[in-house]
Undergrad: 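My structure is below; once you've seen it, I'll send some questions.
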Amino acid sequence: MNFIQTRGCDANKPETVTFSEAILSPIASFGGLYVPETLPELGLEFLNKHLNSSYKELASDMLSRFEIDIDNETIQKALDLYDKFDDAKNPVPVVKVKENLYVSELYHGPTRAFKDMALQPFGMVLSSIAQKRDENYIIMAATSGDTGPAALETFKNRANVQVACLYPDGGTSDVQRLQMVTEDAKNLKVIGINGVFDDAQNALKTLLASKEFNDALKEKNVSLSAANSVNFGRIIFQIIYHIHSYLELVRQDAITMGEKVYLNVPSGNFGNALGGYYAWKMGLPVEKIIISSNENNVLTRLIKEGKYDLRDSEVVSTTSPAMDILKSSNVERVLFDLFGAERTKELMNDLEEKKCYELTGVELVTLQKCFDADFCNGDEGKKYIKETFEKDGYLMDPHTATCFKSYESCSKPEIKSIIYSTAEWTKFSPVIANALTGEEDAKDLDALTSISNVAKLDIPDMIKGLFTKEITQKTVIEKEEISKEILKFI
Ligand SMILES: *Cc1c(COP(=O)(O)O)cnc(C)c1O
């Protein structure tokens, strides 16, 4: 299958590219993104066929329908990485929380957040493409907490790929920072920046656009690539778990085959939600996709009012930091799918030039046939964490908690909902401890201990171990020095 471009084609790039090409340079003509030319039709027949399949069998068959230019052996090796999850037989458990509400837990991988679902297999695929082409790549990432650890974990010791990961020193949780600075593989470089996440991200953008930097890389025979969530190599692995979660509900006798469900997704860059949208288009019985946000609620306003407006918006820091995003990149792929390349280009140009775009009334109706949305602030989120723990015995993180508000405001109660849980409690423990016990400003280790006591849960070894592991990545620098530091590393 070939890939086409969301903003149409300029004269410089080919009309269509292969999957590998779309992975290696994910930015298409006019700054657009790559999308599959068509989506495979799966339908009920596929779902019935896989009712009793393992996650990997389901994944393998679904991927084969995309007919991508990756050999089967590589795909199998990539999928084998799900064996490292807590339960190799079922990497994504789906848990009933209360009547008609199920939580699909996407955080049972090595870094305890949902980024592993896509980055684990993606790392294997990218490295294998690089080896086959005999090329060397450097992946540059700026992270506010979850992407960094997951990218380092997947690329460590992989051939033909190096990673340089920038994080704001003091701007992540202790657990997230330790997950990065204790990585000791030779192909990884972790750099703390004196500043906030935006400084790290802007520094990265400047660097990627710098001719001097790119020339220096060329001289060293290294090409740039990106592992961020606009990369279709990540999106493709995010379709699978939506299908799996649906089949889990059928297996648990919660629904009958063909019954429609809500997919309720805590959203930032919209990769997770887009995976659900594609699964729906491929035949998954979905009533609607519900988009949950925090105080950074541009997506709610887009879906409710048809306006994507950044003119008076600034990112605010919240208790669900992985969703502190204003420019939600993957929305573009939905716009393309619904309204075509010409209109997408127009809307995205408006966003760049006027910091705002507006859908027509007809377009808004079309969008609302697929999506509904609401946002949940930090205090409401903590209330849901406490209530759900005390009433239903279910402990969740602050990202997942945002879905409980939209569950109440957007879904018809008689239709079952799948809420996606994107992080384990261990990754955002100070907020959860505060929600459960009222304690303020706890350090991660104290918060972990108090949650573990209240909820009678063990702290997983990989989290506990972080606090005694040697810190090997000690670089903390000013943002002006990043380029020098990275070139030294390569
Ligand atoms: C990345 C992330 C999200 C947002 O996912 P998108 O695919 O970017 O919408 C939500 N929660 C957590 C914990 C994350 O790490």
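The structure presented is a predicted model; accordingly, all values stated were derived computationally and were not measured. The figures here come from the full heavy-atom set of this structure, side chains too, leaving out hydrogens, waters and symmetry mates. Every number for a ligand or one of its atoms is a count from 1 in the order of the listing.
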Undergrad: Please indicate whether any nitrogen or oxygen in Gly268 is less than 3.5 Å from any nitrogen or oxygen in ligand 1.
TA: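 In this structure, Gly268 places an N or O atom under 3.5 Å from an N or O of ligand 1.
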
Undergrad: What atoms of ligand 1 come within less than 4.0 Å of a heavy atom belonging to Gly271?
TA: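 Result: 6 (P), 7 (O), 9 (O).
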
Undergrad: Which of parallel (below 30°), tilted (30 to 60°) and perpendicular (above 60°) describes His244 and Tyr55?
TA: perpendicular

Undergrad: Hey, are the side chains of Ile290 and Ser411 touching, using non-hydrogen atoms and a 4.5 Å cut-off?
TA: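 SC-SC contact between Ile290 and Ser411 confirmed.
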
Undergrad: Looking at ligand 1, would Ser229 count as a contact under a 4.0 Å heavy-atom criterion?
TA: no

Undergrad: Can you find an N/O atom of Asp397 closer than 3.5 Å to an N/O atom of ligand 1?
TA: no

Undergrad: Tell me whether Pro266 reaches ligand 1 (any heavy atom closer than 4.0 angstrom to a ligand atom).
TA: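 Yes.
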
Undergrad: Pick, from Arg112, Lys115, Met117, the option with the minimum heavy-atom distance to atom 1 (C) of ligand 1.
TA: Lys115

Undergrad: Geometry only, no angles: is Phe270 polar-contacting ligand 1 at N/O separations under 3.5 Å?
TA: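 Right, the criterion is met.
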
Undergrad: Looking only at protein heavy atoms, identify the closest one to atom 5 (O) of ligand 1 and say how far it is in Å.
TA: Phe114 CE2, 3.5 Å

Undergrad: Check ligand 1 against Asp146 and write out every atom of the ligand that is under 4.0 Å from a heavy-atom position of the residue.
TA: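 Heavy-atom distances to Asp146 below 4.0 Å select 12 (C), 13 (C), 14 (C), 15 (O).
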
Undergrad: Taking only heavy atoms of Ala423, which atoms of ligand 1 are found under 4.0 Å from at least one of them?
TA: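 Per the distance check, 13 (C).
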
Undergrad: List the steps and the verdict of side-chain contact (heavy atoms from CB on, under 4.5 Å) for Leu302 and Tyr357.
TA: CA-CA 9 Å; Leu302 173 68; Tyr357 66 74; 3.9 Å; yes

Undergrad: Do you know which two heavy atoms are closest between Lys288 and Trp280, and how far apart they sit?
TA: CA-CH2, 4.1 Å

Undergrad: Looking at ligand 1, does any of its N/O atoms fall within less than 3.5 Å of an N/O of Thr422?
TA: yes

Undergrad: When you measure from the side chain of Gln179 to the backbone N and O of Thr111, does any donor-acceptor pair fall under 3.5 Å?
TA: yes

Undergrad: With atoms numbered from 1 as shown, which atoms in ligand 1 lie under 4.0 angstrom from a non-hydrogen atom of Met323?
TA: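 Those qualifying, in numeric order: 10 (C).
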
Undergrad: Could you check whether any side-chain N or O of Arg333 sits under 3.5 Å from a backbone N or O of Val230, counting only pairs where one atom can act as donor and the other as acceptor?
TA: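 Yes, Arg333 side chain to Val230 backbone: donor-acceptor pair under 3.5 Å.
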
Undergrad: For Thr344 and Thr6, which I'm curious about, is there any donor-acceptor pair between the side chains at under 3.5 Å?
TA: no

Undergrad: Do any N or O atoms from the side chain of Ser127 and from the backbone of Gly123 form a donor-acceptor pair under 3.5 angstrom?
TA: no

Undergrad: Walk me through whether Phe371 and Tyr277 qualify under ring-ring contact (aromatic ring centres under 6.0 Å, His included).
TA: CA-CA 9 Å; Phe371 297 98; Tyr277 176 80; 5.7 Å; yes

Undergrad: Asn272 heavy atoms, cut-off 4.0 Å: which ligand 1 atoms fall inside?
TA: 7 (O)

Undergrad: What protein heavy atom sits nearest atom 8 (O) of ligand 1, and how far off is it?
TA: Asn269 N, 2.8 Å

